[in-house]
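Here is the structure we will look at, set down as structure tokens.
Each chain gets a letter, A, B and so on, in the order the sequences are listed, and its residues count up from 1.
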Number of protein chains: 2
Amino acid sequence: MTLQQLRFLREVVRHGFNITEAAKALCTSQPGISKQLRLLEQELGVELFERDHGRIAELSKPGVTILAIAERMLMDANSLKGAARDFSAEMNGNLVVATTHTQARYALPEVLKRFAVRHPRVSVELRQGTTRQVSRLVTSGDADIAIATDASAYFKDLVVIPCHSWDRIVITVPGHPLLKLKRLTLEHLVRYPIIAYDHEFAARQLLVQAFESHHLTPNIVLSALDADVIKACVAMDLGVSVLTRLSFDPRRDRNLRALDASKLFASSVTFIGVRRNSFLRSYMYDFIETFSPQLNRRAIEEAMAR
Amino acid sequence: MTLQQLRFLREVVRHGFNITEAAKALCTSQPGISKQLRLLEQELGVELFERDHGRIAELSKPGVTILAIAERMLMDANSLKGAARDFSAEMNGNLVVATTHTQARYALPEVLKRFAVRHPRVSVELRQGTTRQVSRLVTSGDADIAIATDASAYFKDLVVIPCHSWDRIVITVPGHPLLKLKRLTLEHLVRYPIIAYDHEFAARQLLVQAFESHHLTPNIVLSALDADVIKACVAMDLGVSVLTRLSFDPRRDRNLRALDASKLFASSVTFIGVRRNSFLRSYMYDFIETFSPQLNRRAIEEAMAR
DNA sequence: CACCGTTACGGTATCCGTAAGGATT
DNA sequence: AATCCTTACGGATACCGTAACGGTG
């Protein structure tokens, strides 16, 4: 059994059980992969794939179990190399951050700027997606750090560390009737069409739940995938929306108004998520600390050890 | 980086940083190991060992981190092979159970007998030790299953599953004054010399704590490592002792008397511990179920997933 | 001198790439 | 015909064991 063989196994599965594709991705030959996988099967005494007329169709039952273990091993192999590079004081490397639009658009730019000053030789890659996609990117090893809001339920397999807490606000066009109220309530809010995040986002669930707990049904006229789109639609007076204060900048968003809604909705919490048992290179700790200064290396290590 | 190289690394550390010994243990040549370790260091760009005049003295700082990851990988490699053998329906294999004397002596013989009937081709090995040793045997991968009592605190790194609950009893010689009491209390008990388990055992701590919570100090005249020794000493009237009901068999222990002490001491709980993320072969599930029938495969898998 | 780790060297086995074959859609 | 996996084959490489070397206590 070789790490190489496990790598081949993983790659073939990732490429839809197509050895040819996997070979291309790994810059090697198809026959090589084919042979090594046969050898692995022979050594283990188990068929890893369900073969359909000579073609690989899917993983066999043992294959599923074995792949899961193999993937952990390959992740560890990665961690090991990363640890070595970290100790050899190589300050270059790359960092893949999986996050949602809101964070990428409003919170991260400043963080990335400060981080780039400290680690000019680390190349950072942002991957955007829904809360669920963000979680899976880190779980699968395609990203190092997940950042998302109200995501602890989605981050079940990850170590989650709460970072920031954001009040919620209601945004409207200037001159909207809601702005004239002394005290905003859900009963007022429910009378107006609402623009919300897509179902895929945790924020959407929380919005609906808040209304439902008051036996109200919001009239959601539009679902969108990011705050910028939502704001543009609110500006067109298609409805009002509920966002976090993070997403609203009074200087830039002059065509909109924000109303405090911290009493109506639970404040939302931004989490950082990392794989348990993964070795974080020192610049990854630095990134997390830059994002959330109260999280120093020790605090993160403690959270991971639990 | 090869699994072989990691195996070499682990074995050299296990044999007190002696390549020669490691080579013997692995049935290979010293120069082979030496070379592979040098290659590994070269590839990783890190010195794994602190070398003292050409001799390996200990792990370097990076070595510590890297070894930890390597050991996880090697355990997974083992799991992987085990999983394969399990699926290929080979019913032979071996099972190493790390446990304390009490379990090995009183609870396990019957379990082993029933297990042997179901799995005649599985060779079982019992390893005995203190609670801490038991825990480490499983953590290090030298044993598959840990069984111990009141051990959850020691089993921090393991998945623990509670199995049985045992009332505590006080044992004395026949005709002892304590036997004449209507209602036994700690205040009565503290007047007599007590024979207890060694400090290394959780039972010892719990005994002392129970007294201390009543502001009493027990007069422990003797510490012993197992219940048989304790019972022999009680039979000699060196003192009385507190055991679990498991350790007392009225038919065999005719030279002793037992008093219910379930009101004085918390009942003790027997735990099974396994490594998180380790693949258990089907006969291991069967063993656990034989030991504790309410633990079927699903229950165990759920406990491990948490 | 005994012990330990490294270097040197040669044979074997392994791995990989090219080429060709067989099967399916 | 195109795609895909496997078998066959040859060359380069890596790995391992024996032997010899350099240091240390």
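- No donor-acceptor distance shorter than 3.5 angstrom exists from the side chain of B:T99 to the backbone of B:Q128, with no hydrogens or angles considered.
- Only at 4.0 angstrom or more do the heavy atoms of residues 10-20 of chain B sit from any atom of DNA chain D, so none qualifies.
- In terms of the side chain to side chain donor-acceptor pair (under 3.5 Å) criterion, B:R38 has no residue partners (sequence neighbours excluded).
- Whole-Å rounding puts the B:L3 CG to C:dC15 P distance at 12 Å.
- Ionic pairing of A:E289 and A:R297 is not present here: no N-O contact between side-chain nitrogen and carboxylate oxygen is shorter than 4.0 angstrom.
- Comparing A:G54 and A:T2 against DNA chain C, the residue whose closest nucleotide sits nearer the 5' end is A:T2.
- Ring-plane geometry between B:F279 and B:F87 is classed as tilted, the angle between the planes lying from 30 to 60 degrees on a 0 to 90 degree scale.
- The interatomic distance linking A:R55 (CZ) with D:dT6 (C1') rounds to 12 Å, in whole Å.
- Close to D:dT24, at under 4.0 Å from its OP1 or OP2, lies a side-chain N or O of B:H53.
- Computed from coordinates, the B:D52 CG to D:dT24 P distance equals 10 Å when rounded to whole Å.
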Item to complete: Output, in order, the C-alpha distance, side-chain angles, deciding distance and verdict of side-chain hydrogen bond (donor to acceptor under 3.5 Å, both in side chains) for B:R204 and B:S223.
Response: CA-CA 9 Å; B:R204 167 67 168 262; B:S223 295; 2.7 Å; yes
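- Side-chain atoms of B:D86 come within 3.5 Å of backbone N or O of B:S282 as a donor-acceptor pair.
- A straight line from CD of B:Q4 to P of C:dC15 spans 12 Å, rounded to a whole angstrom.
- Residues from residues 32-42 of chain B lying near DNA chain D, meaning a heavy-atom separation below 4.0 Å, are B:Q36 in numerical order.
- To the nearest angstrom, P of D:dT6 lies 14 Å from CZ of A:F8.
- Contact annotation: A:R51 side-chain N/O to D:dC4 OP1/OP2 distance is not under 4.0 Å.
- No side-chain heavy atom of A:Q36 sits less than 4.5 Å from a side-chain heavy atom of A:I33.
- Nucleotide D:dG17 holds its C1' atom 16 Å from the NZ atom of B:K24, rounded to whole Å.
- One interatomic measurement links the two molecules: CD of B:Q30 to C1' of D:dT18, which rounds to 11 Å at whole-angstrom precision.
- Ionic pairing of A:E11 and A:R7 is not present here: no N-O contact between side-chain nitrogen and carboxylate oxygen is shorter than 4.0 angstrom.
- Distance, B:L26 CG to D:dC16 P: 11 Å, rounded to whole Å.
- A:M75 and A:T139 make their closest contact through CE-O, 3.0 Å (heavy atoms, listed as atom of the first residue, atom of the second, distance).
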